[in-house]
Every structure is written in structure tokens, then in C-alpha cells.
Amino acid sequence: MKASIFHLFTTRETPAEAEIASHQLMLRSGMIRKLTSGIYTWGPLGLRVLRKVEEIVRDELNSAGYQELLMPAVQPAELWQETSRWEKFGAQLLKISDRAGREYCFGPTHEEVMTDFVRNEIRSYKQLPITFYQIQTKFRDEIRPRFGVMRSREFLMKDAYSFHIDHTSLDDTYWEMYEVYSRIFTRTGLHFRSVEADSGAIGGHKSHEFHVLADSGEDEIAFSDVSDYAANIEMMPVAKPGYERPAATEEMRTVDTPDAHTIDELVSAYGVPIEKTVKTLIVHAAEDQEADFVALLVRGDRALNPIKAEKLVQAACPLEFASDKEIREAVGAGPGSLGPVGLTLPVIADQEVALMSDFTAGANIEDKHYFGINWDRDVASPLTADLRNAIEGDASPDGKGVLQTARGIEVGHIFQLGTAYSEAMNAVVLGEDGKSHVMHMGCYGIGVSRIVAAAIEQNHDDRGICWPEPIAPFQLALLPMNAKKSYRVREAAEKLYAELLDAGVEVFYDDRDLRPGVMFNDMELIGIPHRVVIGERGLDSGALEYRYRKDTENSEIPLDGAVKAILEKLGMS
RNA sequence: CGGGGUGUAGCUCAGCCUGGUAGAGCACCACGUUCGGGACGUGGGGGUCGUGAGUUCGAAUCUCGCCAUCCCGACCA
């Protein structure tokens, strides 16, 4: 590709709207342009990267024997009503209607359409298992799109669906897909980690996420420092503490605490050790409960895990915190003065809280706390559950080692759906026994456009992007110095360019009449992995200059046999 | 949805407080000088100042509404 005919539009300044490195660099390099909130155009440069990622995904899935197809983006409401998701999916579902007033949505995912396709196509267990996939534009009306294509509303996704006669077959394909995903992410050249995950609203049984590791990631994952055990922090269980509750040593007493409405204030103003504090969170109760609210207790320095909390039978799902007003009406005191003693609401304590003694919590009286509270003596022992987030240093739930944490960007997710959709949509096949069987299903997603952003997040420096070679927009940048003035340079560059193209190299030949500094900066910004410079200086000594994007020093390549030497650098010989 | 911020040229921003008829840098066009790490000079094109109303002799500037956009939102108990 010649730069003179390629739309390269780089900027020196960082657009004000971009917060994180990948978003800034994608805008500065001209890979993407925003059309409107959460909706982006992929420019020629960005599209080359997107296509590279897509090709790796497609190639591995095809190799595994899965079949590509392409489904409509616009889907009729009736299909979604069959599974009740027309309502359940909520505001993320972009609903549209046609001229006759018929309702549709722009597909955020394709379980319904795929299940409909398969129930019409597949009649016999002999045709199973079968897996279809597509690479297609999805739309989810995110509450808060951000970070460019990292969390956009319109995005490119690979979604695959497998269909099975029974759960055993589903399990086989699930683990096969797990391996395929591992190969895909390995091939992109990114550092990733798979973790056990919450299957979330989609439901189902088993689920794993694949995360690209990056400090700016929105997800936190936890893993054992010695075993393979890893899970999203959302669902990482916390092991029951192995110790007994210490005996009470203090009497419970009421303390006026007008200055303490937060745990931090309690600690700083009254010298209470934070691990002796308990915070009380009031959430809405599930509809079938007698009480309207439930109190959840976690230690003052712990974070409530909302996923664990909403799985409690007593709590509403999705989790909803009580408002200030509701708390005052139900308890008689406001946030900042709440605690288990004298509380008339059902109480569920984190398992660790139940083992605390001599602790401090709000008195349910405005501006008062109880110090030296002990279970059984001052207040009945509560129901307990695992309610808090795991943190670094906790024992690994598999009993091996301690947990470490890292931040990640979720780029892949695989689920065992079971029969949730096939049952609702009556997707059945005839079995060996001559009877109808509801098919078992798996679904498997990869955020293709998100991978591009994640790759940059993981691979950049202060000069720009440092593409992993498998997904770089070009392999090599060929930069002639002052070609307009020097016939020799121009000739040599043109010749080398032609030879490299012949050899199948994806070369970006910068034939623009620009000062060298501009070329260097552009090439480093857009992150082309290999760079070859041709100048008068080098031609005099019979050499080309070579530099790898992540290096800081040049090396020389003899002009004689330069193509062969370059191919070696590119790993193509 | 709640809170906060911002809307002025393609981009980054100044001007607004204290009303007087729109600016800079980058980018773009032309010419010249430059030419191995984002050159310089001269000349030029480009903005109904988000939008609607109001106040005023006069509004980018003051007032109100609307729209768009960005950031934050259990961690408080």
C-alpha cells in the first residue's frame, strides 16, 4: 500500500472526549471516528486490524468444523416474545417498528433467531451435534457507552451456537470450544486468561470468560497463585473462615457519634479498628418475602458483592438498594447509624461478620453507635452467607494457594445454556428412541471490535500503538528519506517495495513528500511492527536501516539480499 | 435515572466574569525557503458561537427552557 493513496489521517492532539489510551490512540491514528454516542465508523486503517482479528477467529472456528452463516440484524418481536425476552432484556434492547407498526429489534444477540433456524432445519439426532457461527454487527443500547469501541453500543461480535441431543454432548463441545478460544486468543498475540464466570441473566449452567489482561480493564479477576483456579471477582467464592469466634471481652455501650456517618469517619474520629466495624446495607427484599427490606452485613473494610447478594432468596433480583427515605421509614434512623442490634428487618451477615466479637455498628438511632457488640449476647446470631468480594490474599477456594487479582477486559464468553431457549421455543429433534427431545444448547461469544481496543490497551507506549504482529494493519513500513530530491533513494525504494509486495509482505510504503520526522512519528503512532528506512546515507554504505517498533536502536540490513533478510525479520522465510 | 462538567473553524482551546458585532495554535489551499525525529515565511479558504425564547439600542457574553455530549454513580450504612 502506498501512503499517497491511503487515507491516513493522524493528529498530534488528543481529542478531549477520550479517556483511556486505546480510545485516544484509535482516534489519533484515524482508526475510528465517532458518528454519535457509542457508534463508530471504522476507517481504512482500523478496518485492516478488525479484519485481521476477524480472520483469526474465522480460521480457527472453521478448522474446528463449525459453520459460518449470516443472520439478519433486524429481528421480529414475536421471536423474542416466545422466550419472554422482549420484556426481560430491558432497555438495552433497541426496539423499532416498520411502516405497518410491526415491532422489531436490532439484534443484541441471536439465541432466538438461531434457535428458530435450527428448529426448522434440524429434524434428527443424527444431524447433531452442530455448531453455527456468524461475525456480525450487534446493537445494545448501553446505559453508558464509553472508552470508544471498548464499550460501544454498536459493535462487531462473533457469536456461535451449538445444538445437542443431550448434556454430555453439550459438555464435549463446550470444552472443545474452550480450546478453540484459547487458540484464537493465543494467535492474536495477546496476554489473556480464562476464568470461571457468572452466567448472568442469560442463565444456564457452566460459563467461562476470556480476559485480555490490562490495568485499565473494567473487570477484576482473581486466581490462585499456585493452581489453575481462576474466576471473575463477581463470582469468586470466599472460603468460610477457619477460626472460631473469639470470646466477648467488652460490654456493649452506646456512644454518641454525631461526626460519624461513614465507616471511615468512625475509624478516624473514634479510633475504632476498621476490622471491628460492621456496615449494614438495606436492600429490597424478594417479592415473596414477608418484609419489604433485608439488611446485609459486611465488615467495614469489605465490599459487598452484588452478584452474590442478588442470588440470596431473601433479596430482590436485580439487587436494589433502599433509598434514604425508605430506610428512615423502615428503621427510624438514616444511613450512617444502622446496625443489627434492635433491627426489626431480617438480617443476613457475611460469614466473616458472624465470627466477629466486640464489634461496632450503628444503633439504629440517629447519631449513635453501639461499641462492643457481641452475637448471641446483645443480638441473636444472624443467618450467614458469602456476601463479600474476594480480595488478594484470601485463601483460594480450591484449597491451593492464595488469591491474586488482576484487571481484565472481557473479550470472550462461553456458556452452557442447556434447554432454556430450546424449551421455550420448542426446538426438538427425534432421538434414537423415536421420541422428541428438546435440544441442549451452548452459546459462545467473542467481542471482535473490543479485541482491537484491548490489544492497544495492552500494547502501547508514549509514542503510540505497538501492534502484536498477527493483528497489525501492515507488517512493515518502508520509509524513503527525501525521495523527492534523491533519484537514487526513490529508485531503490520503489524497487524494494515491488519486491516486498511480490514476496507477499504487507508493506506500507510512505511515498508522501514529507519530512522524515513526520513519517517516523506517524509510523510509530499507527504501530507498524517493522520499519525499514532508505536514505542517501545508507545507499552510500550499501545498507538499509531497520528497527522493530518496540526497540529503541536501529540495526543495518545489507542492500544485497535485503528482501531475504527482511523476510527473516518478519518470520516469513 | 441521579450528580457534575462541556458545547465557539475539521481538532485543541481562548474570548463570557465586566454586553459593543469572533480569535490563536494545529489541520487545509497557494507560493517560496527548507528537508534524517511532528520546519519556517508570506498570502488565503473556513464559524447563523448547540438550539429556542427572553432582557437590551445592541447578546458568543446576562436569564430561562430544550438538545447534544463527556465524566462519576453499592462501597454510605
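Just so you know, these numbers come straight off a predicted model, no measurement behind them. Letters A, B, ... are given to chains in the order of the sequence lines, protein chains preceding strands, and every chain is numbered from 1.
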For [X], which residues count as a salt bridge (Lys or Arg N to Asp or Glu O under 4.0 Å) partner, sequence neighbours excluded?
X	value
A:K308	A:D386
A:D288	none
A:R253	A:E250

**Item:** Sub-4.0 Å heavy-atom contacts from residues 478-499 of chain A onto RNA chain B, ordered by number
**Value:**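 Listed by number, they are A:M481, A:N482, A:K485.
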**Request:** List in numerical order all residues of residues 513-527 of chain A for which some heavy atom is under 4.0 Å away from an atom belonging to RNA chain B.
**Result:** A:R515, A:P516, A:G517, A:V518, A:F520, A:N521, A:D522, A:E524
Should [N] form a Watson-Crick or G-U wobble pair with both distances under 3.5 Å, which nucleotide is its partner?
N	answer
B:C11	B:G25
B:A30	B:U42
B:A53	B:U63
B:U48	none
B:U69	B:G5

**Message:** Please pick, from B:U69, B:G36, B:C75, the nucleotide with the shortest atom-to-atom distance to any side-chain atom of A:S37.
**Reply:** B:U69
**Per A:R537 side chain, nearest of listed nucleotides B:A27, B:G36, B:U12** = B:G36
Write down the distance separating the [atom1] atoms in [N] and [M], rounded off to the nearest Å.
N	M	atom1	value
B:A9	B:C66	C1'	25 Å
B:G47	B:U51	P	14 Å
B:A59	B:G50	P	15 Å
B:C13	B:C75	P	31 Å
B:U48	B:U8	P	12 Å
B:G23	B:G46	P	13 Å
B:G36	B:U42	P	23 Å
B:C67	B:A30	P	44 Å

So what does [X] touch, heavy atoms closer than 4.0 Å: a base, only the sugar-phosphate, or nothing?
X	result
A:V278	sugar-phosphate
A:A303	base
A:R463	base
A:P306	nothing
A:R328	nothing

Would you say the side-chain atoms of [X] and [Y] include a donor-acceptor pair closer than 3.5 Å?
X	Y	answer
A:E457	A:S216	yes
A:Q92	A:D141	no
A:H369	A:T360	no

Figure out the [atom1]/[atom2] separation between [X] and [N], and round it to whole Å.
X	N	atom1	atom2	result
A:R531	B:G36	CZ	P	14 Å
A:L8	B:A27	CG	P	14 Å
A:N554	B:G37	CG	P	12 Å
A:E17	B:U12	CD	C1'	12 Å
A:F147	B:U69	CZ	P	17 Å
A:I307	B:C75	CD1	P	17 Å
A:E19	B:G5	CD	P	16 Å
A:I32	B:C11	CD1	C1'	15 Å

**Prompt:** Would you say a side-chain N or O of A:T36 is under 4.0 Å from OP1 or OP2 of B:U69?
**Reply:**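 So the side chain of A:T36 is within the cut-off, an N or O lying under 4.0 Å from OP1 or OP2 of B:U69.
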**Asked** So does A:R144 reach the base of B:G2 with its side chain, donor to acceptor, closer than 3.5 Å?
**Response**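 Under the 3.5 Å cut-off, the side chain and the base do not form any donor-acceptor pair.
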**Prompt:** If you pin A:E13 and A:S337 to their nearest nucleotides in RNA chain B, which one's is more 5'?
**Reply:**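 Taking each residue's closest nucleotide, the earlier one in sequence belongs to A:E13.
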**Message:** Both A:R12 and A:R146 contact RNA chain B. Which one's nearest nucleotide lies toward the 5' end?
**Reply:**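 So the residue in question is A:R12.
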**Request:** Tell me, please, whether A:F474 has A:R48 positioned over its six-membered ring: NZ or CZ under 6.0 Å from the ring centre and within 45 degrees of its axis?
**Result:** yes
**Prompt:** Can the positive tip of A:K88 be found less than 6.0 Å from the middle of the six-membered ring of A:W80, inside 45° of the ring normal?
**Reply:** no
**Item:** Side chains of A:L8 and A:I526 in contact at under 4.5 Å (non-hydrogen atoms)
**Value:**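 SC-SC contact between A:L8 and A:I526 confirmed.
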**Prompt:** Can you say whether the rings of A:F106 and A:F139 are parallel (under 30°), tilted (30 to 60°) or perpendicular (over 60°)?
**Reply:**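 The arrangement is perpendicular - the two ring planes meet at more than 60°.
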**Item:** Pair A:R547 + A:E556, salt bridge at N-O below 4.0 Å
**Value:**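 Result for this pair is no, no salt bridge flagged.
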**Listed partners of A:A248 passing side chain to side chain contact (heavy atoms under 4.5 Å, CB included), at least two apart** =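 A:A248 satisfies side chain to side chain contact (heavy atoms under 4.5 Å, CB included) with A:D358, A:N374, A:R377 once adjacent residues are dropped.
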